[in-house]
Amino acid sequence: MTISRLLLLFLCVLFSKHLLSQKITLIHNVNIVDGNAKPAYKAFVLIQDSKIIYIGSKKPNASIDLVIDGKGKILAPGFIDSHSHHFGDLNKNKAGLSTSSQGITTIVIGQDGNSYPMDSLTKWMQANPVVSNVASYTGQSSLREIAMGENDLYRNATAKEIDQMKSILALELEKGSLGLSTGLEYEASFYSSKQEVLDLAKVTAAHDGLYTSHIRSEDLHMDEAIEEIIEIGRQTKMPVQVSHIKIANQLNWGTANLILKKLDDARKAGINISADIYPYTFWNSTLRVLFPGKDFDNLASAEMATKQLFDPSASYLMQYAPIPSYKGKSVTEIGIERNESPAQALMSLIKIAEDFKNANPNYTGGIEAIAGKAMSEEDVKVFMAWPEAIICSDGNAGGHPRGYGAFTRVLGKYVREEKLMPIEKAIYKMTGQSADFFGFKDRGRIAVGHYADLVLLDPNTVIDQANIKNSNALSTGIDMVWVNGTIVYQAQKSTGKQPGVLIKRK
Ligand SMILES: [Zn+2]
């Protein structure tokens, strides 16, 4: 035996020993939709531990621990939920079905102005493994609560309070927060000045962060709200994103193209603005957002809301702690029960909830929530097809069906049934495009060296099954889901594994 042969043998032994020490999975017989919006292609994929180590047309020469026959289905990167409220559910339900059953492998939390401090999140994730990866924004409302006190938010912040918020925010960004989120339509931030938001946005930009916003109005004053976020993008030059873009004022239905023209014009002027969207014509929120002027006892405002801002006969209470029997009923139905018009019922529901809150200051559960039918199908489609829109769920488990079905609904209803876009494009909006926005360099694509966050799905059957009456129904057509190389979901069931990690901004 020559020296070179001996060396080769030695290397082979070394290599196979190295491979043996780590688990290798081969996935074959799949069409790869790699998260780049390029046409699907056939290849073998090799996973070692948490990462993808091989993609190729030839079967790799390796000692394999597990072989997965994809049966000709699609292998895609795991979906990134760019606006999620699932974190509480992942804590309560270790199976994590709300995310993994729709193919989500990473959730981005800290949305609409509400977040946990990065230190708490880090500690919590170390002690309590979860099924999905998690990344978080820092929320303006949470900063306001620290600086102003949680019961004193319905006003402008003082200069001193803004300074305090700025320094906390800077620390959070250094600890890996993705950026700043705002929920300007909600009362905890509604009364903040544009200057306050801009000041915080500037701190975020100085740390190379991102800005995402549930804008100040999604209905009557939407134009002005869009102007506000464009201005933030102009002044800070950082990427800014409109959260769950929608037109919730019936009088403006059909004008999605006008909104997009405004956003595209801003992009042409160098402003990096984009949006995320969920695929439904109804939202889920507090009843209070139906009063843009926050004048909850004004009958004229209530009447305007029932005519313009939502359809009371198709909008259902998803939660109502003061009178649990109202849950699942529409505002119109509750009005009939109470002998009130829909507008009067809307006002009563808010008043009763407020009294309940005051009488039960230590009540920790949600008091009220409504699924508000408020958008046109056509606008949803126009927004979804916008090249700068990425897909989100805005969901949690047990409320709006988007918590279990947003991503599969896009693939089943909008891609397969309505042919709104090719599946490669839709998957790009759920993976590679989102990863680019968040700066996730090793996720969101099927590529060598990337984490093996993957979903095996059947393009012929994938679709959501959750609806208002059965919001936890599992989607069909999601065959298998991997998070960091570990199978977390298979045959409509959790595998009981929790390989999710906290992703920090680099
Ligand atoms: Zn929101």
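Order of appearance sets the numbers: ligands from 1, and atoms from 1 within every ligand.
Panel note: side chain R505, backbone S177; a donor-acceptor pair is recorded below 3.5 Å.
When side chains are defined from C-beta on, L198 counts as touching Q235, because their heavy atoms get closer than 4.5 Å.
Around the Zn ion (ligand 1), protein N, O or S atoms at a distance under 2.8 Å total 3; waters are neither shown nor counted.
For F87 and Y116, the ring centers sit closer than 6.0 Å to each other. For an aromatic pair to be called close, the ring centres must be under 6.0 Å apart, and Y363 with F356 satisfies this.
With hydrogens and angles left out, the side-chain atoms of Q140 and S181 include no donor and acceptor closer than 3.5 Å.
A cation-pi arrangement, defined by a distance under 6.0 Å to the six-membered ring centre and an angle within 45 degrees of its axis, is present between K469 and Y316.
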